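What you see is a predicted model, and the numbers here were worked out from it, not measured in a lab. Residues take their numbers from the sequence shown, with the count starting at 1. When a ligand or atom number is given, it counts from 1 through the structure's own listing order.
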Amino acid sequence: MSIPDIIIAIDGYSSTGKSSFAKIIANEFSFLYLDSGALYRGVTLFAIENGFISDDNTIDVPGLTLALEDLDLHFGEGGTYIGERCIESEIRGLGVAGKVSPIATVPQVRDYVDRKLREFGSAKRIVMDGRDIGTTVFPEAELKLFMTADPLVRAQRRADEMKAKGDEADLDAVLKNLQERDYIDSHRETSPLTQAPDAIVLDNSHMTMEQQLEWLKDVIAERFGE
Ligand code: DC
């Protein structure tokens with residue numbers, strides 16, 4: 001099916017399959033996929049490696065804000081980069097996962113990431129996933145999805161993903177991390193995770209990827225005609 005030049009914003013809870021779904025949408029409709037969480041994860045890795053966040057998650061906000069002025073975080077071949085260095089595998093581990101939500105509460109970090117994300121907006125035909133894409137980054141997006149699923153289903157999916165990569169995954173620890181992130185993401189002051197009033201909810205607890213794509217095609221046909 002054909003689809004007009006639009007921005008598709010996908011927000012929702014952690015591990016609801018937002019990025020997997022966004023990649024499939026990008027592939028199906030020849031859209032550019034952008035993973036906003038990867039940029040928050042990249043800033044987090046940078047903060048850890050440069051001592052801007054402590055073991056108890058205290059953040060040196062002035063130090064980090066200053067350092068962001070020179071941080072060359074970008075997307076490239078195979079994922080996310082700092083300068084020439086591909087950081088795709090480092091940003092997916094539990095070390096970064098445990099600190100990314102506190103880092104993402106810092107307004108200066110959000111400004112930094114928002115600026116990078118909006119640069120892509122003029123391209124249209126993009127699908128971007130995150131927590132505040134339909135509410136803050138692209139409130140004008142023509143199609144907004146809000147994804148959710150049962151927390152235990154999400155934890156199991158995330159643990160399976162980690163095991164498939166050869167990482168250790170304790171289901172209880174994964175569930176705890178996920179619930180903590182949901183809480184912080186939904187309760188922070190700046191751009192909390194909320195459903196945009198014009199977003200369509202997709203609860204995929206018991207849906208396969210094929211079913212989700214069929215669902216989306218129906219939504220698109222209804223909204224934009226074929
Ligand atoms: O989508 P993800 O799990 O890779 O996101 C990692 C963290 O980044 C998540 O806990 C919250 C934060 N995030 C955010 O605050 N806003 C976004 N648009 C995307 C991610």
Would you mind listing which atoms of ligand 1 come within a distance below 4.0 Å of any non-hydrogen atom of [X]?
{"X": "Ala104", "result": "12 (C), 15 (O)"}
{"X": "Gly37", "result": "4 (O), 5 (O), 19 (C), 20 (C)"}
{"X": "Ser101", "result": "10 (O)"}

Query raised in the report: Relative to the ring of Phe75, is the ring of Phe120 parallel (under 30°), tilted (30 to 60°) or perpendicular (over 60°)?
Result: tilted
Query - Aromatic ring pairing His187/Tyr183, orientation class (parallel under 30°, perpendicular over 60°, tilted between) - result: parallel
To check your reading of the model: name the closest protein heavy atom to [atom], its residue, and the distance in Å.
{"atom": "atom 9 (C) of ligand 1", "value": "Arg131 NH2, 3.3 Å"}
{"atom": "atom 4 (O) of ligand 1", "value": "Arg41 NE, 2.6 Å"}
{"atom": "atom 19 (C) of ligand 1", "value": "Ser36 OG, 3.3 Å"}
{"atom": "atom 16 (N) of ligand 1", "value": "Arg110 NH2, 3.0 Å"}
{"atom": "atom 7 (C) of ligand 1", "value": "Val100 CG2, 3.5 Å"}

**Report entry** Side-chain H-bond candidate by donor/acceptor type, Ser186 with Arg131, under 3.5 Å
**Finding:** no
Report summary line: Taken in chain and number order and not counting sequence neighbours, the residues that satisfy side chain to side chain donor-acceptor pair (under 3.5 Å) with Asn57 are Lys99
If you measure every N or O of [X] against every N or O of ligand 1, does any of those distances drop under 3.5 Å?
{"X": "Lys18", "answer": "no"}
{"X": "Asp35", "answer": "no"}
{"X": "Arg188", "answer": "yes"}

Requested in this report: Check whether more than 12 heavy atoms from other residues, nucleotides or ligands sit under 6.0 Å from atom CG of Asp55, and answer yes or no.
Outcome: no
Looking at [X] and [Y], would you say the former's side chain and the latter's main chain have a donor-acceptor pair under 3.5 Å?
{"X": "Asp11", "Y": "Ile133", "answer": "yes"}
{"X": "His74", "Y": "Thr80", "answer": "no"}
{"X": "Asp150", "Y": "Leu152", "answer": "yes"}

Query raised in the report: Out of Leu193, Leu117, Asp11, Asp132, who gets a non-hydrogen atom closest to atom 18 (N) of ligand 1?
Result: Asp132
